[in-house]
Amino acid sequence: MANLTEIVEQPAASESSSAGAGSTPLMNASLEETNAKLAQGTKFKEEADELFKKGDITGAIRQYHMSLLYIQGLNKNAVPYSGSVPSATDEKKNTEIDIILEKIYSNMCACYLKQSKWARAEETANKILAKNPDNTKASFRKAKALSSQGYTEKAIKILEDLLKKTPDDAIIKAELEQVKAADTAASKKGLNKFKGFLNRSNEKKSGVEEVTNQLEESRIEEVHDS
């Protein structure tokens, strides 16, 4: 990771007298603090990545949370932009902080899927997509979380949109086929359940009609007996 202190432009020797007006000890201290927190947050993220690879999902989530505690809320203007620095008319480009936060949330989403915490996975994917709607991994993981919660139609829509962008992606194709199969099975199950409900209702109705008829016959007999 680039040292954030290295991005501060150094004035030429002839400009040293005027540079003091634009750079203060307080600004330098703020930059150093931001740099230190970002470095520590990145360290926690790397530890989380290793725990995830080892299968310690709970430990990974804990370290990702620690990473967020250090990185969230940092002054993004104090870190480099990914690409050229945007002008006043440009849309704000991602900083190093934006990029690492996106990676943290992406990995946390994968952890929640591993733990079958579908709602948390969906929520985390939405945080990524709110900042970067083109994040394919986040969209794919959101689709998995939705289908696992029974929202197969929403999942299918997301996967079909992804497949339009990457028509040769075998993983997306396989997931889409799986979700469609689950949706079809759920529809059949729902239809059979509804048919069973109708059958039970008809049986119940027949039983009520039989009792009603018996009561009517009883009343008729009572009238005849009197």
Side-chain angles (χ1 to χ4, degrees), residues 41-73 82 94 97-201:
T42 301
K43 181 175 179 293
F44 278 121
K45 183 219 174 260
E46 290 170 352
E47 291 174 0
D49 292 343
E50 288 301 314
L51 289 170
F52 180 84
K53 292 175 183 177
K54 294 176 181 178
D56 185 357
I57 307 303
T58 301
I61 291 175
R62 181 180 62 250
Q63 295 306 92
Y64 284 131
H65 276 299
M66 289 298 297
S67 181
L68 289 175
L69 288 176
Y70 277 88
I71 296 175
Q72 279 182 327
S82 59
N94 286 336
I97 290 175
D98 293 315
I99 294 170
I100 193 170
L101 283 175
E102 187 170 324
K103 289 179 180 178
I104 291 170
Y105 281 124
S106 180
N107 294 347
M108 289 180 74
C109 184
C111 287
Y112 289 133
L113 288 175
K114 287 278 188 182
Q115 292 182 328
S116 300
K117 294 181 178 179
W118 314 123
R120 293 295 296 274
E122 180 191 354
E123 177 187 348
T124 308
N126 283 334
K127 288 181 180 180
I128 303 168
L129 295 169
K131 293 285 293 181
N132 181 10
D134 296 325
N135 189 306
T136 302
K137 279 186 179 180
S139 294
F140 181 80
R141 288 168 179 167
K142 179 179 179 178
K144 287 183 73 70
L146 285 169
S147 64
S148 297
Q149 293 177 86
Y151 303 117
T152 49
E153 290 184 2
K154 292 181 179 180
I156 289 171
K157 175 66 169 60
I158 292 172
L159 293 169
E160 286 180 338
D161 288 343
L162 288 176
L163 206 56
K164 289 177 184 177
K165 298 175 183 177
T166 54
D168 297 326
D169 194 309
I171 295 177
I172 295 176
K173 282 182 180 179
E175 185 68 19
L176 180 58
E177 290 176 4
Q178 184 176 333
V179 175
K180 283 184 174 180
D183 183 60
T184 301
S187 298
K188 288 181 179 179
K189 184 177 179 181
L191 182 60
N192 291 334
K193 186 176 181 180
F194 181 67
K195 287 180 179 178
F197 172 77
L198 289 178
N199 290 335
R200 288 194 299 273
S201 297

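Just so you know, these numbers come straight off a predicted model, no measurement behind them.
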If you count every heavy atom of other residues, nucleotides or ligands that lies below 6.0 Å from Gln115 atom CD, does the total exceed 12?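 Yes.
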Qualifying residue for side-chain contact (heavy atoms from CB on, under 4.5 Å) with Leu146, from Leu159, Ile156, Ile158: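 Answer after filtering Leu159, Ile156, Ile158: Ile158.
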Using the test side-chain contact (heavy atoms from CB on, under 4.5 Å), find all partners of Asn135 that sit at least two apart in sequence or belong to another chain.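 Partners of Asn135 by the side-chain contact (heavy atoms from CB on, under 4.5 Å) criterion, ordered by chain and then number, come out as Glu102, Ile128, Leu129, Asn132, Lys137, Ala138.
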Full working for salt bridge (Lys or Arg N to Asp or Glu O under 4.0 Å) between Lys157 and Asp161: CA-CA 6 Å; Lys157 175 66 169 60; Asp161 288 343; 2.7 Å; yes
Spacing of [atom1] belonging to [X] relative to [atom2] belonging to [Y], to within rounding of 0.5 Å:
X	Y	atom1	atom2	answer
Lys165	Thr136	NZ	OG1	6.5 Å
Ser67	Lys43	OG	NZ	11.0 Å
Ile71	Ile97	CD1	CD1	7.5 Å
Asn107	Tyr112	CG	OH	12.0 Å
Lys127	Glu122	NZ	CD	12.5 Å

Go through it in stages, so that I can follow the logic: the residues are Leu68 and Leu101, the test is side chain to side chain contact (heavy atoms under 4.5 Å, CB included), and I'd like the CA-CA distance, side-chain angles, deciding distance and then a yes or no. CA-CA 7 Å; Leu68 289 175; Leu101 283 175; 3.6 Å; yes
Kindly indicate whether the side chain of Lys103, heavy atoms from C-beta on, has any atom under 4.5 Å from the side chain of Lys45.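 Contact flag for Lys103/Lys45 side chains = yes.
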Are Arg141 and Ser106 close enough that a side-chain donor and a side-chain acceptor fall under 3.5 Å?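 Yes.
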Residues Asp49, Lys53: salt bridge by 4.0 Å N-O rule: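 A salt bridge is absent here (no side-chain N lies under 4.0 Å from a carboxylate O).
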NZ/NE/NH1/NH2 to OD/OE distance under 4.0 Å, Glu123 and Lys142: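 Judged by the 4.0 Å cut-off on N to carboxylate O distance, Glu123 and Lys142 do not form a salt bridge.
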For the residue pair [X] and [Y], what are the closest heavy atoms and their distance?
X	Y	result
Thr124	Cys109	CG2-N, 3.9 Å
Ala48	Gln63	CB-CB, 3.5 Å
Ala155	Ala143	CB-O, 3.3 Å

Is it the case that the side chain of Glu50 and the backbone of Glu46 share a donor-acceptor pair, with hydrogens and angles ignored and the cut-off at 3.5 Å?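 Checked: no pair found.
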Flag, side chain of Thr152 to backbone of Asp183, donor-acceptor distance under 3.5 Å: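 Such a contact is absent between Thr152 side chain and Asp183 backbone.
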Give me each pair satisfying ring pair (Phe, Tyr, Trp, His ring centres under 6.0 Å) with a member in residues 41-73, each pair once, sequence neighbours excluded.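 Counting only pairs at least two positions apart or across chains, the ring pair (Phe, Tyr, Trp, His ring centres under 6.0 Å) contacts touching residues 41-73 are Phe44-Tyr70.
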Applying side chain to side chain contact (heavy atoms under 4.5 Å, CB included) to Lys180 and Glu160, what does each step give before you reach the verdict? CA-CA 11 Å; Lys180 283 184 174 180; Glu160 286 180 338; 3.6 Å; yes
Between side-chain atoms of residues 170-177 and protein atoms elsewhere (two or more places apart, or another chain), which donor-acceptor pairs fall under 3.5 Å?
unit_1	atom_1	unit_2	atom_2	d
Lys173	NZ	Pro167	O	3.3
Glu175	OE1	Lys144	NZ	3.3

